[in-house]
Each structure stands twice: as structure tokens, then as C-alpha cells.
Novice: 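I'd like to ask some things about the structure below.
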Amino acid sequence: MTKAVEPIRSVEWKNNHVKLLDQRLLPQQTVFLTLTTIQDIWDAIFELKVRGAPAIGISAAYGLCLWSQAFEGDDFQTYLTSLQEQATYLESARPTAVNLFWAIRRVVNVTKSVSSVTEAKQLILNEAKLIQEEDEAVCKAIGEYGLTLFNEGDTLLTHCNAGGIATARYGTALAPFYLAKEQGISLNAFACETRPVLQGARLTAWELQNLGVNVTLITDNMAAHTMKSKGINAVIVGADRIAANGDTANKIGTFGIALIAKALNIPFYVAAPLSTIDLDTTSGSEIEIEERHADEIRTINGQQISPKDIQVYNPAFDITPSEYITGIITEKGVIKGNYIEKLAKLF
Ligand code: MRU
């Protein structure tokens, strides 16, 4: 018997505003924000109120819609020049997840086929809604392909949160769990807490528990021991940017888990939509790694845990070289082997 699982919508367009789930407050508080300006969207992305590559892209697309709707006048050239400026502004919110740049480009590109402000306003909104609709279908397909790799009763380890709230629905790395639930298949999970911002402890643990998955939370430094001793069948993570050769940027800590997986002969899968694959980036060394504020490490929940002014290094992502990746699960199937050739063929 199949059972549809109630979707969690982290981003929604509501006529003249964006309704956004404040992911910083989960799981203690479920607060939806009302965002009315493109600046609100920039702040939400920068401050991680919305996070996760596809959700960032969807939010940015709606950010341009908020600006577009507020644009006064009918001078199309002024509109286009200003749109480009707003796009560049939004792109500065975070550097690593390519979905941000991908979604903004899609929205800006639709204006090439129109000649008036009124038409552009409508088309931009249609495109942003389409990006969100497509992402839901894409994530579902990722879940279906992902599920072909696992068996009833398997235990998967995941890092960070690549769940429903990081996308339009279903997530990427968590999509197989949603699809498994719908199909009555049982999968178990171990979730790494994911310091410093705790996406694993706060978001993945919460999401999978809500879904009714048997999920166990561990701290990041427990990954190797857990993978060796707890019968982990596979690792599955999301991605923020996949280079043309398969090198993958994902939440800091992912590379370490990939190394452990290789040493222990555990399959290591990356689940991501085509919108996360960046063929313009040849290899992982070209991907900009975001560095975030030192206080994310010096404090937990606003509480100082280190000397106040201690020097800190806080990269938000790392690169897993493609040779550590058993397969990349996309909406077009599972890619294995020659990533350069096979990723290019997807487009
Ligand atoms: O800093 P975050 O929380 O935006 O980082 C998120 C991740 O690293 C996710 O794994 C990735 O964006 C995929 S979300 C489907």
C-alpha cells in the first residue's frame, strides 16, 4: 500500500510576498516569515533563513519577482538594466551553490523574448513558479532513482540537510526516504549533526523523524566509528555544485565522510538535480568555497564556547573529488564511472 507524505513547503509565492520558513529556528519553533522585498530575500539567503541549494535558487527567483512587481514605470530598457543590477546583487548573497546563479539566469533570460515591462513582469513570475514546480518533479525522480540503489531495511548515513525544506519538496539526499515511505519500504538513517550550524541535528533529524523514519543522530566526529560498527550500507549526501568532472562541493565534512567510506568500502552517493551541475566549472578547484562568520564556531545558540576573540577558520563547504563518489543520482538516472563524459551527456 502506498502512502502520500504531507509536503513541507519552505518557500511559497503568495501574490505580493514570499512566505518563507525560517530554518534557523527549527526544530524548536516553526515560524513563517513574510518577505516583501528583494533585500529581504538577500538577507534570508545570507543569514540561512533559507538554505539548501535548490531552495536558495527558488527563493532568489522569487526575489527578482518581488523587485519586478514593485518596479514603477514602463521604460523597458530601464527595467532590463535594473533587472541585471538586481540579479548581480542577489548573486552576492552566497557564492558556492550554483542553483542560485542558475535560477537567476533562468529568470533574467525570459526577458529576452518580450518587449514590454508588463509582459516581462508576468513572464518572470511564471518562470519562478516553474522553477519551483520543476524542482518538485525533479526531486521525486531523484528519489525514485535513488531507491533502486537500496534494499528494504538498509541503513544510510547522511550529512547536513538535503531534505524537503532544502528544495521544493522531497529533497535530494532525503528523497529516497520520502519515496520509500510512500512505497512502504523501510530505510534507516544516521544523521551527522553538521557543525557549525547543525543542519543535521536541527533539520535532518527533525525531517526524518516527522516522516516516521528510524533516524539516529550522531556528532560529526562519530562518523568513522559509526560507519565501521553500525552496518551502514551507503552514504548519501546532497550537493551545492558539481563540476564537469564530478568533483562535488557540499557541506563541510562531506569530504571526510567520503574518505572514510572509501576506506571502509561503503558506497558513497551524491544526489543532486541537473541545476546543481555546473559544466562551466571544469573541476572542484575552481569552486569558490564560502567562508562564514567566526561566531558560528565560537558560539552555539548565542552561547560563547571558546575564547572570545580566538582565531577561527570557517569554510562552509568542502570538495569531494569524483574518484570518491560511487554514483551521482540525478533526475535522469544514476551516473557512474566516466563523469566528464556522462555528466555532459545529461544536458
Ligand atoms: O549551508 P547550507 O545549509 O545551505 O548547505 C546545504 C548543503 O550543503 C546541502 O547538502 C546542499 O545544498 C544540497 S540541498 C538539497
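By convention here, the first residue in the shown sequence is residue 1. One-based numbering, in listed order, for ligands and for the atoms of each.
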Novice: Does the pair Glu133/Arg169 count as a salt bridge with the N-to-O cut at 4.0 Å?
Specialist: no
Novice: Can you list, by chain and residue number, every protein residue with a non-hydrogen atom closer than 4.0 Å to ligand 1?
Specialist: Arg51, Gly52, Ala53, Pro54, Arg94, Cys160, Asn161, Ala162, Ala166, Thr167, Thr172, Gln199, Ala239, Asp240, Asn250, Lys251, Phe317
Novice: Tell me whether Leu279 is reachable from Trp102 by hopping between hydrophobic residues (I, L, V, M, F, W, Y) whose side-chain heavy atoms are closer than 4.5 Å.
Specialist: no
Novice: Any link between Val215 and Tyr269 through a network of hydrophobic side chains (Ile, Leu, Val, Met, Phe, Trp, Tyr) touching at under 4.5 Å?
Specialist: yes
Novice: With sequence neighbours left out, what residues match Lys14 under side chain to side chain contact (heavy atoms under 4.5 Å, CB included)?
Specialist: Glu12, His17, Lys19
Novice: Atom CD of Gln29 and atom CZ of Arg24: how far apart are they, to the nearest 0.5 Å?
Specialist: 10.5 Å
Novice: Please determine if Arg9 forms a cation-pi arrangement with Phe32, meaning its NZ or CZ atom is less than 6.0 Å from the six-membered ring centre and no more than 45° off the ring axis.
Specialist: no
